[in-house]
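Here the structure is laid out as structure tokens; the discussion comes afterwards.
In listed order, ligands and their atoms are each counted from 1. Model, not experiment: these values are computed from the prediction.
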Amino acid sequence: AARQQGGNQYSFFTPSLQEAAQQKLQLTRELRAAVAGQQFCLHFQPIVELGTGRVCKAEALVRWQHPERGLVGPGEFIALAEENRLIGEIGDWVFKEAARWTLRWRETYCPQFQVSVNKSPAQFGRTQNHAAGWIAHLRQLGLPGRAVALEITEGLLLNATPAIGDCLRSYREAGMQVAIDDFGTGYSSLSYLKNLELDYLKIDRSFTSNLAPGASELALCEAIVVMAHKLGLKVVAEGIETAQQRDLLVAMGCDYGQGYLFSRPLAPEAFEHTLMSTHHREAGAEMKK
Ligand code: C2E
Ligand code: MG
Ligand code: MG
Ligand code: MG
């Protein structure tokens, strides 16, 4: 269409490109200000033990409290933060905030509580092991490494440098657990599964959401669960939205589930309420014994 406009093609294309570039520049400026002003908050999505319905884990998901646009989801700014090396500072804030709530919840409602924190490839030094900072922070709070699981992607492992391997080993030596996020959607080279010590595979939502009797996703999920268990890993299914999906996952022995069926990601106070009611139910059951 642009070509047919002949001499006008530039006036057709240039402004929108310029506009896009300007918007990005503006967003980058705002994001920088957000980092400086700590305009972020965390939401926590329950991770449910499928066999029992218990909630003793949650994934921390960052949101940007934009002064004019309201709550902005990570899909709209994480990639930009990675490009502009703002992800390091955002990630450090996320980690500390997640650890702070985790300390509180372990002391109040759930001594075994574990928080999952996402750590994207851009947050790993390619030539240097930066694990010491987060490990020291946990020590300072008196939290065991076990209180945190790090969610990484297959892509990180596919291009892993020795420094990245060292970093993951340091985290695990400190007791932290490691999960492969969005499992099955990356390049799925299975060779990293034998080379690296891992704890969880998180089956991507694209598999879970198409689970139905007879669907190929069902065969794939079953195979993932069997493989993971043989490797000594636990499986978390992401994006469970229906009772049928949950039932199929329970039947195949999937360990944990996460999704709108159970709960959307919640503000810390609301999540705390969920934890509290679970805890009271359990305390009540104990007393009846
Ligand atoms: P993720 O780590 O795979 O997180 C799961 C995403 O799926 C979350 O989106 C969650 O709200 C959404 N979700 C959970 N259950 C359901 C469901 O039943 N149905 C549907 N349709 N969606 C569901 P969210 O919060 O928008 O996060 C998107 C992505 O942004 C995350 O994907 C993660 O890769 C990234 N992200 C979020 N927080 C952080 C962070 O603190 N650091 C980094 N590096 N990345 C983050
Ligand atoms: Mg995740
Ligand atoms: Mg995921
Ligand atoms: Mg996902």
Which of the atoms of ligand 1 are close to R63, meaning less than 4.0 Å from one of its heavy atoms?
25 (O)
When you look for heavy atoms under 4.0 Å from ligand 1, do you find them on the side chain of V94, its backbone, both, or neither?
side chain
Part of K202 with heavy atoms under 4.0 Å of ligand 1, whether side chain, backbone, both or neither:
neither
Checking E197 side chain against R169 main chain: does a donor-acceptor pair fall under 3.5 Å?
no
Select one of side chain, backbone, both or neither to describe which atoms of H43 lie under 4.0 Å from any atom of ligand 1, heavy atoms only.
neither
For ligand 1, the portion of I240 having any non-hydrogen atom under 4.0 Å away
backbone
Is there a donor-acceptor pair under 3.5 Å between the side chain of Q245 and the backbone N or O of E241?
yes
Sub-6.0 Å ring centroid separation between F271 and W101
no
In total, how many protein N/O/S atoms does one find closer than 2.8 Å to the Mg ion (ligand 2)?
4
Heavy atom of G75, distance to ligand 1 below 4.0 Å
no
Applying a strict 4.0 Å limit to heavy atoms, is R264 in contact with ligand 1?
no
I'd like to know if the side chain of T208 and the backbone of A237 have a donor-acceptor N/O pair within less than 3.5 Å.
no
Compare Y260, F95, F40 and give the one whose heavy atom is closest to atom 16 (C) of ligand 1.
Y260
With E151, which of Q177, K202, K119 fulfils side-chain hydrogen bond (donor to acceptor under 3.5 Å, both in side chains)?
K202
What do you reckon, C56 and C110 SGs under 2.5 Å?
yes
Tell me whether D181 contacts the main-chain N or O of T153 through its side chain, where contact means a donor paired with an acceptor under 3.5 Å.
no
Is Q123 close to ligand 1, meaning an N/O of one under 3.5 Å from an N/O of the other?
yes
Please state which part of D182 comes within less than 4.0 Å of ligand 1, counting heavy atoms only: side chain, backbone, both or neither.
side chain
For V62, counting its heavy atoms only, list the atoms of ligand 1 lying under 4.0 Å from any of them.
38 (N), 39 (C), 40 (C), 41 (O)
Ligand 1 atoms nearer than 4.0 angstrom to some heavy atom of P265 are 11 (O)
Given the options D247, V226, V225, M252 meets side-chain contact (heavy atoms from CB on, under 4.5 Å) only with V225
For G91 and ligand 1, answer yes if some heavy atom of the residue is under 4.0 Å from a ligand atom, otherwise no.
no
So between P74, P46, G257, S120, whose heavy atom ends up nearest atom 27 (O) of ligand 1?
P74
If you measure every N or O of Q45 against every N or O of ligand 1, does any of those distances drop under 3.5 Å?
yes
Within less than 4.0 angstrom of ligand 1, does E82 place any heavy atom?
no
Could you check whether any side-chain N or O of D204 sits under 3.5 Å from a backbone N or O of S206, counting only pairs where one atom can act as donor and the other as acceptor?
yes
Taking C-beta and beyond as the side chain, do F183 and V236 meet within less than 4.5 Å on heavy atoms?
no
Quick check on contacts: which atoms of ligand 1 are under 4.0 angstrom from a heavy atom of E241?
17 (C), 18 (O), 19 (N), 20 (C), 21 (N)
Is it true that a side-chain atom of E89 and a backbone atom of L86 form a donor plus acceptor pair closer than 3.5 Å?
no
Is a donor on one side and an acceptor on the other found under 3.5 Å between the side chain of D199 and the backbone of V178?
yes
Can you list the ligand 1 atoms lying under 4.0 Å from a non-hydrogen atom of G259?
15 (N), 18 (O)
Give a yes or no on whether the backbone of G184 and the side-chain of E154 come within a donor-acceptor separation of less than 3.5 Å.
yes
Do any nitrogen or oxygen atoms of L61 come within less than 3.5 Å of a nitrogen or oxygen of ligand 1?
no
In the single-linkage hydrophobic clustering (I, L, V, M, F, W, Y; side-chain heavy atoms under 4.5 Å), do L190 and L220 co-cluster?
yes
Looking at R246 and L261, would you say the former's side chain and the latter's main chain have a donor-acceptor pair under 3.5 Å?
no
